[in-house]
Amino acid sequence: MEASTAPWTRCLLDENTFNENFMNQINPRKTYLCYKVEILDGDTRVLLDEKKGFVQNKGANEPGKPRHAESYFLDRIRSWNLDRGLHYRLTCFISWTPCHSCAQELATFLGENSHLSLHIFASRIYSLPGYEAGLRKLQAAGAQIAIMTSKEFEHCWENFVDHQDRPFQPWDGLEVVSQHLCNSLQTILQMQEN
DNA sequence: ATTTTCAAT
């Protein structure tokens, strides 16, 4: 069997897809979401390697109803029926922060699933109306939300990209843009609702 | 200080 058709490659992005969607200084019109799942046991974290993967949104130009990437992600989590007697950490690396609607859905989901924790690292901030309140609501529901830095981009490259043993190559401006977005996100998350 | 973005002018 060729490497490209081996079962594990189904959960890997090709290099171009990763770069086109996660480069933080451009604004692609689609969203990718990479996820991993760990069991938390005291100070120990056990990665469930078979539950790592990625989803992408379905655009308005495709047949059927458009769906954001987070919706597909929630479908997958629900399909696993994770043991309520254990505690899990879900980590997402997503190319845009959740819109207000998805943030609300995720917040509700976390409220109904106290055995799950959610960490979100986003490449850039999706800033259509209502996004700030949505992100604050998601944070209030217990999610940790952060901007991807070179550390997270490299982690994604190593774990979610079919990189053919090539090392991660940071792009020009990665750090500057990331730092700016970190500052913006902090301001958003610290603001009070009114 | 940085934007128009989970497509369709």
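Chain A is the first sequence line, chain B the second, and so forth, proteins listed ahead of strands; every chain is numbered from 1. Worth saying up front: this structure is predicted, and the values here are computed from it rather than measured.
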Donor-acceptor pairs under 3.5 Å, side chain of residues 140-150 of chain A to any protein atom, not counting sequence neighbours: which ones?
from	atom 1	to	atom 2	distance (Å)
A:T149	OG1	A:K151	N	3.3
A:T149	OG1	A:E152	OE1	2.6
A:S150	OG	A:E175	OE2	2.8

task: Could you measure between the two C1' atoms, the one in B:dA8 and the one in B:dT4, and give it in whole Å?
output: 14 Å
field: Inter- and intrachain pairs under ring pair (Phe, Tyr, Trp, His ring centres under 6.0 Å), touching residues 12-31 of chain A, at least two apart
entry: A:F18-A:F22, A:F18-A:W157
Please write out each protein N/O paired with an N/O of nucleotides 2-6 of chain B under 3.5 Å, distance rounded to 0.1 Å.
from	atom 1	to	atom 2	distance (Å)
B:dT3	O2	A:S127	OG	2.8
B:dT5	OP2	A:R29	NH2	3.3
B:dT5	N3	A:S127	OG	2.9
B:dT5	O4	A:S127	OG	2.3
B:dC6	OP2	A:Y126	OH	2.8
B:dC6	O4'	A:T31	OG1	3.0
B:dC6	O3'	A:N57	ND2	2.9
B:dC6	N1	A:T31	OG1	3.1
B:dC6	O2	A:A69	N	3.0
B:dC6	N3	A:T31	OG1	3.4
B:dC6	N3	A:E70	OE1	3.3
B:dC6	N4	A:E70	OE2	3.0
B:dC6	N4	A:T97	O	2.7

task: Could you tell me which residues satisfy side-chain contact (heavy atoms from CB on, under 4.5 Å) with A:V177, sequence neighbours excluded, listed by chain and number?
output: A:N24, A:Q25, A:L181
message: Using the P atom as the point on both nucleotides, what is the distance between B:dT5 and B:dT9, in whole Å?
response: 11 Å
Ignoring hydrogens and angles, write down the donor-acceptor pairs under 3.5 Å from the side chains of residues 62-69 of chain A, residues two or more places apart or on other chains.
from	atom 1	to	atom 2	distance (Å)
A:E62	OE2	A:G59	N	2.8
A:R67	NE	A:S71	OG	2.9
A:R67	NH1	A:D75	OD2	3.3
A:R67	NH2	A:S71	O	3.3
A:R67	NH2	A:S71	OG	2.6
A:R67	NH2	A:D75	OD2	2.7

- line: Residues pairing under salt bridge (charged side-chain N to carboxylate O under 4.0 Å, His left out) where one sits in residues 81-103 of chain A, two or more places apart or in two chains, turn out to be none
